[in-house]
Amino acid sequence: MRVVVQAEAFDAGAELNAFSAQAAGAGAVVSFTGLVRDNGGALSMMEIEHYPGMTEKAIAAMMDQAAARWALVDALVIHRFGRLAGADPIMMVAVASKHRVDAFEAAEFLMDYLKSRAPFWKKEISATGGAWVAARDEDEAALKRW
Amino acid sequence: MIEVIYFAWLRERIGVPRESLQTAALTVADLVAELSAREERYALAFGDLASVRVALDQELADFAAPLAGVREVAFFPPMTGG
């Protein structure tokens, strides 16, 4: 299992191929890639702040929880911080397991927790200034199903 | 001494990313009250605690949590990762 928190861009396709190739014994790989939403060109940049140290620990703890609940072969989380441009990949989750249900559920679990329990904060920067993205009640509520 | 770290709009309102403080506060809530009484910028940042989260030594905690033995306190808004 691997957690990567980095400022640099990443190639989601290449990461997924490499992840799948080394997931020995897996019969299913589910992945999700989150992109900077480009609202018709209105959003020019996104600035992501995080809490170095806690971020890696919090994500590793989520992965441990996922591994305890589902039969996983491997899991990967990549999350960027710093300045991102519209349509840039922000983050990706990939989960490998023997069967697809475990892979889908574990990937959703990790996504739900990354949204509300990994210490990242997004700021949208447009021509008119910056605005911190507010946490959504739906994202908090999504944790209850687990 | 305790290390206090601020993120996102709390950092912007308080004006520093981190500071080392001498405090007699027993709990997180005491520390918030002490800082808010100290200067207006803290009072503004901590005005609505429903939108503030806290971590003690990099683990999420609540405002009633004791500060004994804690080295690092972080204040931040609800997280928006993913």
Side-chain angles (χ1 to χ4, degrees), chain A residues 3 5 32-37 46-62 77-81 84 89-93 107-125 129-143, chain B residues 1-21 27-29 31-32 35 40-82:
Chain A
V3 177
V5 181
F32 172 86
T33 306
L35 310 175
V36 177
R37 232 173 257 117
M46 178 165 276
E47 181 98 37
I48 300 177
E49 187 168 324
H50 82 113
Y51 186 171
M54 178 172 169
T55 308
E56 294 81 357
K57 276 195 255 178
I59 299 173
M62 289 166 206
V77 170
I78 302 175
H79 204 302
R80 291 181 67 192
F81 61 90
L84 280 70
I90 301 174
M91 53 82 60
M92 77 176 282
V93 165
E108 280 219 273
F109 169 88
L110 287 172
M111 276 314 306
D112 283 347
Y113 271 83
L114 280 163
K115 278 254 163 225
S116 309
R117 292 292 182 273
F120 289 99
W121 301 276
K122 295 194 185 106
K123 189 178 199 178
E124 292 176 347
I125 309 203
W132 291 101
V133 173
R136 303 184 320 153
D137 292 342
E138 304 93 276
D139 290 337
E140 189 63 33
L143 297 183
Chain B
M1 293 291 265
I2 201 162
E3 193 75 6
V4 186
I5 312 180
Y6 310 102
F7 290 100
W9 55 258
L10 276 125
R11 173 179 51 72
E12 291 177 344
R13 283 184 202 173
I14 290 165
V16 292
R18 58 166 63 223
E19 55 192 336
S20 292
L21 297 175
T27 66
V28 175
L31 178 62
V32 167
L35 289 170
E40 182 72 19
R41 59 195 169 107
Y42 294 104
L44 279 172
F46 293 121
D48 175 18
L49 286 186
S51 52
V52 178
R53 301 288 178 269
V54 61
L56 301 180
D57 289 331
Q58 307 191 349
E59 297 275 353
L60 281 175
D62 55 51
F63 288 89
L67 290 179
V70 170
R71 282 166 303 168
E72 189 173 290
V73 181
F75 292 105
F76 42 79
M79 296 160 265
T80 53

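Chain naming here is simple, since letters A, B, ... match the order of the sequence lines and numbering starts at 1 in each. Keep in mind that the numbers below use all heavy atoms, side chains included, and drop hydrogens, waters and symmetry copies. Here the structure is a predicted model, which means the values were calculated and not measured.
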**Message:** Any non-hydrogen side-chain atom of B:Leu10 less than 4.5 Å from a side-chain atom of B:Phe7?
**Reply:** no

If one checks every heavy atom of B:Ala8 against chain A at 4.5 Å, the contacting part turns out to be both

Do the rings of B:Phe76 and A:Trp121 sit parallel, tilted or perpendicular, given the 30° and 60° boundaries? tilted

Closest non-hydrogen atoms of A:Phe109 and A:Met62, given as atom of the first, atom of the second and distance, are CE2-O, 3.5 Å

Pair count under 4.5 Å, heavy atoms only, with chain B: among A:Met91, A:Arg117, A:Glu140, A:Glu49, highest is A:Glu49

Can you confirm whether B:Trp9 sits close enough to B:Val52 that some side-chain heavy atom of one is under 4.5 Å from a side-chain heavy atom of the other?
yes

Honestly, the part of B:Arg11 sitting under 4.5 Å from a heavy atom of chain A is side chain

Whatever's closer than 4.5 Å to a heavy atom in chain B on A:Ala61 counts as neither

Okay, A:Arg136 and chain B: the region with an atom under 4.5 Å from a heavy atom over there is neither

Margin query: Between B:Glu3 and B:Arg18, does any side-chain N to carboxylate O distance fall below 4.0 Å?
Written below: yes

Honestly, the part of A:Lys57 sitting under 4.5 Å from a heavy atom of chain B is side chain

